[in-house]
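In what follows, every chain begins at residue 1, and chains take the letters A, B, ... in the order their sequences are listed. Everything quoted here is computed from the prediction, not taken from an experiment. Because only heavy atoms are used, hydrogens play no part in the values below, and waters and symmetry mates are left out as well, while side chains stay in.
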Amino acid sequence: MVKDKIRKDIVKCLKQLELKFNDNFVVEVPNNPEHGDFSSNVALVNAKLNKVSPQKLAEKIIEYFSKKRDYKSVSVAGPGFINFKLANNFYHRKLLEINEKNRKFGSSEYGNKKKVLLEFISANPTGPLNVVSARAAAFGDTLCRIMRFVGFRAYKEFYINDAGNQVDILAESLELRYRELHGERIDEFPPEAYHGEYIKDLAAKLNSVESKLLHYSETDRLRRMKQFALEEVHKMQQESLKRFDVTFDNWMSEKKLRQEGAVEEVLSYLAEAHCTYEKDEAIWFSSTEFGDEKDRVLMKADGNTTYLVPDIAYHLTKYQRKFDYLIDILGPDHHGYVPRLKAAIMALGYDVNKLEIIYLQHITLFEGGQQVKMSKRAGKIVTMDDLIDEVGKDAARYFFVSRKPNAHLEFDLELAKKKSNENPVYYVQYAHARIASILRKAKKEKISLKNFDHKLLRKLNKEDELTIIKKMLELPNLLISAADAREPHRLANYVYDLAGMFHKYYAKFKIVDKKNPELSQSRLFLISNIKTVLAVCLHLMGISAPQKM
RNA sequence: GCGCCAGUAGCUCAGUUGGACAGAGCAACGGAUUUCUAAUCCGUGGGUCAGGGGUUCGAAUCCCUUCUGGCGUGCCA
């Protein structure tokens with residue numbers, strides 16, 4: 001926002017001075033505040049072009065800016081950087097804009113209503129969601145919220161693998177537990193079966209509704225078992241996600257896709273494209289022609305398709321639904337299969353560049369310095385529900401979204417359970433609650449912002465105050481870059497910084513002071529806007545913004 | 001072997017897409033509460049940005065290479 005203004009002013013200046021220039025210079029916020037509010041390398045980048053030294057060029061530019069009202073000072077530093085300081089008055093006007101926009105502050109039309117599909121979690125419907133899914137949930141949902149806020153039409157979709165091998169195993173596992181309830185002794189529970197306690201719960205629930213399934217034929221019985229298990233697990237997963245404040249716009253069922261004949265379609269399309277052949281009684285896809293390491297089997301010798309085929313079919317529906325961007329958020333164990341999926345998309349003539357893959361790295365859980373091993377089949381998992389019970393939704397979401405996607409994440413349950421200040425989410429929420437508390441106090445003291453005179457903004461002349469306004473003004477661009485880079489963790493860092501700036505300000509300055517109502521009003525005006533910005537950020541991360549703590 | 005991702009303070013991690021002396025939190029140590037919430041603030045110590053080469057005015061960031069770790073490399077999903 002402010003950067004753009006400065007950039008435009010620089011371009012105006014260069015044109016007026018009739019200088020040659022390249023557009024690739026940057027305007028940025030320097031690390032060191034002594035270097036001004038903003039700095040630009042414009043003179044460094046364009047010195048050669050004009051056959052002068054960077055310093056000389058910079059001086060010319062400075063002269064131009066010295067006459068500009070919005071600028072407090074403009075100077076040259078180092079090898080030829082230009083440092084800009086803007087007038088207090090400029091920031092005060094911007095603060096009024098923030099106030100005006102209120103909860104819309106930070107939003108923009110940047111995305112131009114482009115349609116985006118975000119697919120994430122897509123966990124097998126064979127058990128409760130685990131912490132890996134929780135990370136995906138927090139990440140995908142936050143990214144979606146941010147993208148919508150900056151003007152994309154973003155949709156969330158969950159693909160349910162409710163057909164195929166692992167679902168059969170689920171049904172068989174359920175049957176074994178069901179038999180146990182009817183007095184059968186199962187000596188050896190097969191290792192490939194699902195061992196989790198939830199299967200026993202499902203069996204009990206099923207038995208309480210339908211106790212005579214053992215009299216059915218095997219096919220009927222297993223069909224019923226499968227249907228029941230799928231419905232129940234699906235409900236379980238939805239319930240967990242609801243507790244995590246994650247909702248999906250669409251749930252896509254693999255079974256339904258298959259029923260609609262999508263699998264056969266894919267096979268025939270690929271055949272028409274001359275990309276298939278038969279070998280060893282199986283049908284193969286010549287994916288190596290499209291960059292894959294080796295050819296892949298589409299239909300196995302036993303007549304069943306591999307998981308790849310419905311997955312291709314699913315992705316074709318994404319293309320047919322005319323999205324501008326397709327984003328798949330996957331676990332690291334899936335990166336081996338993406339080349340073959342992309343190969344199929346190419347083979348079928350779709351634009352593979354539209355499909356973007358984000359890999360979320362694994363999570364290592366620690367409990368008291370000990371690593372917690374997870375294994376779904378062995379039933380030893382820490383579920384998303386466990387996590388919400390133990391550390392709470394807010395902390396969990398913050399934690400997951402504060403790390404960049406392609407980095408491993410270490411999660412110490414012991415630490416997170418402590419609810420101490422080691423958990424950064426409290427730090428941010430506390431800033432919000434603290435401001436709410438001050439506003440309550442002000443009300444008691446009969447200091448109100450109702451008839452706030454904008455001239456009082458002059459009183460916000462402390463460096464700390466101007467710095468906070470500057471920080472707030474970064475939000476719109478920050479959200480755009482977070483959306484563009486698909487890196488919602490930038491927002492988590494941002495809001496943490498902003499909260500810290502407020503805490504420091506609070507410790508240093510008295511805000512509500514009966515003896516000085518005008519100063520109090522101006523500071524209240526500032527912090528109430530900080531509160532709004534904190535709330536906007538927290539909301540985008542799906543975290544509550546408490547009035548009291 | 002090949003492919004993908006990562007390697008930044010004792011620990012967990014940032015670093016705004018190539019900018020100025022590399023930053024937080026935790027842990028360690030020392031301070032601050034007659035107060036608008038101490039879930040806070042202030043201060044001290046802590047670094048060969050895994051190693052080496054290259055690109056240029058300028059590299060934690062880009063290229064090459066070596067090392068280390070994770071994952072992948074099924075007619076499993």
Side-chain angles (χ1 to χ4, degrees), chain A residues 3 26 28-32 34-35 39-41 44-45 47-48 54 77-81 83 122 124 126 161 164-167 169 192 254 279-284 293-294 296-302 304-308 310-311 331-339 359 361-362 364 366 402-412 415 419-427 429-431 433-442 444-445 474 477-478 481-482 484-485 487 489-490 492-494 496-497 500 502-513 520 523-524 527 548-549:
Chain A
K3 280 186 201 173
V26 294
E28 58 183 5
V29 180
N31 298 328
N32 188 338
E34 282 172 26
H35 294 144
S39 74
S40 176
N41 62 355
L44 288 167
V45 173
K48 268 187 196 165
F81 288 101
N83 297 333
S122 298
N124 287 334
T126 53
N161 293 110
N165 220 345
Q166 79 284 0
V167 184
I169 296 171
E192 72 274 10
E254 176 185 350
K279 195 180 90 181
D280 303 333
E281 294 173 36
I283 298 176
W284 293 70
E293 286 178 351
K294 53 192 260 191
R296 308 291 171 174
V297 171
L298 294 172
M299 187 179 279
K300 298 183 266 185
D302 67 6
N304 289 314
T305 55
T306 58
Y307 64 91
L308 177 62
D311 228 14
D333 47 335
H334 280 74
H335 70 235
Y337 108 114
V338 166
Y359 299 103
Q361 291 298 321
H362 274 311
T364 319
F366 284 90
S402 64
R403 262 64 171 169
K404 64 179 163 196
N406 53 8
H408 291 254
L409 194 155
E410 294 205 3
F411 199 120
D412 191 329
L415 210 66
K419 294 207 167 190
S420 71
N421 56 353
E422 289 165 41
N423 208 329
V425 68
Y426 293 111
Y427 186 78
Q429 287 181 314
Y430 184 49
R434 213 173 204 183
I435 295 173
S437 168
I438 297 169
L439 292 173
R440 284 193 294 272
K441 157 97 177 179
K444 242 185 249 169
E445 304 284 351
E474 285 174 25
N477 273 333
L478 178 112
S481 75
D484 260 346
E487 289 187 348
H489 75 276
R490 294 185 191 189
N493 292 328
Y494 170 84
Y496 185 83
D497 286 347
F502 166 72
H503 284 308
K504 290 175 188 27
Y505 178 63
Y506 168 90
K508 205 164 159 187
F509 298 99
K510 182 93 182 153
I511 291 159
V512 178
D513 181 2
S520 300
R523 288 183 173 168
L524 279 172
I527 66 163
K548 261 186 192 167
M549 281 174 82

Next item on the list: To the nearest Å, give me how far apart CG (A:Asn124) and P (B:C76) are.
Entry: 15 Å
Next item on the list: Among the candidates B:U17, B:A77, B:G19, find the nucleotide nearest to the side-chain atoms of A:Tyr307.
Entry: B:A77
Margin query: Could you tell me how far apart A:Tyr426 (OH) and B:A38 (P) are, to the nearest whole angstrom?
Written below: 18 Å
Next item on the list: Under the salt bridge (charged side-chain N to carboxylate O under 4.0 Å, His left out) rule, collect the residues that match up with A:Glu445, sequence neighbours excluded.
Entry: A:Lys441, A:Lys514
Item checked: Pair of N/O donor and acceptor under 3.5 Å linking B:G19 base with A:Asn41 side chain -> yes
Margin query: For a quick check of understanding: with a heavy-atom distance under 4.0 Å over all strands, which category does A:Val29 fall into, base, sugar-phosphate or nothing?
Written below: base
Item checked: Same-atom distance (P) from B:C5 to B:U65, integer angstrom -> 14 Å
Note to self: Could you tell me how far apart A:Ile435 (CD1) and B:U40 (P) are, to the nearest whole angstrom?
What the structure shows: 15 Å
Item checked: Pair assignment for B:U61, Watson-Crick or G-U wobble, requiring both distances under 3.5 Å -> none
Item checked: Distance test, side-chain N/O of A:Lys300 to OP1/OP2 of B:G74, below 4.0 Å -> no
Next item on the list: Using a heavy-atom cut-off of under 4.0 Å over every strand shown, decide if A:Gln429 touches base, sugar-phosphate, or nothing.
Entry: nothing
Checklist line | Rounded C1' spacing from B:A60 to B:G52 in Å | finding: 16 Å
What pairs of nitrogen or oxygen atoms, one from the protein and one from nucleotides 41-45 of chain B, lie under 3.5 Å apart?
| residue | atom | partner | partner atom | Å |
| --- | --- | --- | --- | --- |
| B:C41 | OP1 | A:Tyr427 | OH | 2.4 |

Next item on the list: Using side-chain hydrogen bond (donor to acceptor under 3.5 Å, both in side chains) as the criterion, list what pairs up with A:Tyr505, not counting sequence neighbours.
Entry: A:Glu465, A:Arg523
Checklist line | Distance, C1' atom - from B:A28 to B:C11, rounded to whole angstrom | finding: 12 Å
Next item on the list: For side-chain contact (heavy atoms from CB on, under 4.5 Å), just list the numbers for A:Leu409 and A:Gln361, CA-CA rounded to whole Å, side-chain angles, deciding distance to a tenth of an Å, and then say yes or no.
Entry: CA-CA 7 Å; A:Leu409 194 155; A:Gln361 291 298 321; over 6 Å; no
Checklist line | Backbone N/O of A:Ala282 and side chain of A:Asp280: donor-acceptor pair under 3.5 Å | finding: no
Notebook entry, point to check: Can you name the residues that form a ring pair (Phe, Tyr, Trp, His ring centres under 6.0 Å) with A:Tyr494, not counting sequence neighbours?
Noted result: none
Item checked: Spacing between A:Glu28 atom CD and B:A20 atom C1', to the nearest angstrom -> 9 Å
Next item on the list: State which residues pass ring pair (Phe, Tyr, Trp, His ring centres under 6.0 Å) with A:Phe411; sequence neighbours excluded, sorted by chain then number.
Entry: A:Phe399, A:Phe400
Notebook entry, point to check: To the nearest angstrom, how far is A:His334 atom NE2 from B:A77 atom P?
Noted result: 11 Å
Note to self: Mind checking if A:Glu474 touches a base, just sugar-phosphate, or nothing, with heavy atoms under 4.0 Å?
What the structure shows: nothing
Next item on the list: Provide the distance between the two C1' atoms, one in B:A22 and one in B:G47, to the nearest whole Å.
Entry: 8 Å
Next item on the list: Using the test side-chain hydrogen bond (donor to acceptor under 3.5 Å, both in side chains), find all partners of A:Lys294 that sit at least two apart in sequence or belong to another chain.
Entry: none
Next item on the list: Using the P atom as the reference point in each nucleotide, state the distance between B:G54 and B:G45 in Å, no decimals.
Entry: 35 Å
Note to self: Within the 4.0 Å heavy-atom criterion, would you say A:Asp280 contacts the bases, only the backbone, or no part of the nucleic acid?
What the structure shows: base
Checklist line | Separation between CG of A:Asn493 and CZ of A:Arg403, rounded to the nearest 0.5 Å | finding: 9.0 Å
Next item on the list: Using the P atom as the reference point in each nucleotide, state the distance between B:G58 and B:G53 in Å, no decimals.
Entry: 16 Å
Next item on the list: Kindly write out the residues that satisfy side-chain hydrogen bond (donor to acceptor under 3.5 Å, both in side chains) with A:Glu487, not counting sequence neighbours, or none if the list is empty.
Entry: A:Arg490
Margin query: Could you work out, with ring pair (Phe, Tyr, Trp, His ring centres under 6.0 Å) as the rule, every residue matching A:Tyr337, not counting sequence neighbours?
Written below: A:His334
Margin query: Counting the atoms with a prime plus P, OP1 and OP2 as sugar-phosphate, which does A:Tyr496 contact under 4.0 Å by heavy atoms, base, sugar-phosphate, or nothing?
Written below: sugar-phosphate
Check: Who pairs with A:His362 by ring pair (Phe, Tyr, Trp, His ring centres under 6.0 Å), at least two apart in sequence or on another chain?
Finding: none
Notebook entry, point to check: Taking the C1' atom of each, how far is B:G46 from B:G23, in whole Å?
Noted result: 13 Å
Check: Taking O4'-C1'-N9-C4 for purines and O4'-C1'-N1-C2 for pyrimidines, is B:U17 syn (within 90° of 0) or anti?
Finding: syn
Margin query: Suppose we screen for side-chain hydrogen bond (donor to acceptor under 3.5 Å, both in side chains). Which residues come up paired with A:His503, at least two apart in sequence or across chains?
Written below: A:Arg434
Next item on the list: Starting at the 5' end of nucleotides 5-14 of chain B, put B wherever the base has a protein heavy atom under 4.0 Å, S where only the sugar-phosphate does, and a dash everywhere else.
Entry: SS-----SSS
Note to self: At 4.0 Å (heavy atoms only), tell me whether A:Phe502 reaches a base, stays on the sugar-phosphate, or touches nothing.
What the structure shows: nothing
Check: Given the C1' atoms of B:A27 and B:U66, what is the spacing between them in whole Å?
Finding: 34 Å
Notebook entry, point to check: Across the strands shown, which category fits A:Ala77 at heavy-atom distances under 4.0 angstrom: base, sugar-phosphate, nothing?
Noted result: base
Notebook entry, point to check: How long is the line joining CG of A:Asp333 and P of B:C4, in whole Å?
Noted result: 18 Å
Close N/O contacts between protein and nucleotides 56-61 of chain B (under 3.5 Å):
| residue | atom | partner | partner atom | Å |
| --- | --- | --- | --- | --- |
| B:C57 | OP1 | A:Lys48 | NZ | 2.9 |

Next item on the list: Find the distance A:Tyr506:OH to B:U33:P and express it as a whole number of Å.
Entry: 14 Å
Notebook entry, point to check: Which part of the nucleic acid, if any, lies within reach of A:Asn83 when heavy atoms closer than 4.0 Å are counted: base, sugar-phosphate only, or nothing?
Noted result: base
Item checked: B:C36 phosphate, OP1 or OP2, under 4.0 Å from A:Lys441 side-chain N/O -> yes
Note to self: Judged by each residue's nearest nucleotide on RNA chain B, which is more toward the 5′ side, A:Trp284 or A:Leu478?
What the structure shows: A:Leu478
Notebook entry, point to check: When all nucleic acid strands are considered with a 4.0 Å heavy-atom cut-off, which category describes A:Ala485: base, sugar-phosphate, or nothing?
Noted result: base
Next item on the list: Name the residue closer to the 5' end of RNA chain B, choosing between A:Glu281 and A:Ser481 according to the nucleotide with the nearest heavy atom.
Entry: A:Ser481
Check: Contact class for A:Ala433 vs. all strands (heavy atom < 4.0 Å): base, sugar-phosphate, or nothing?
Finding: base
Check: Between A:Lys510 (NZ) and B:U34 (P), how many Å, whole number?
Finding: 12 Å
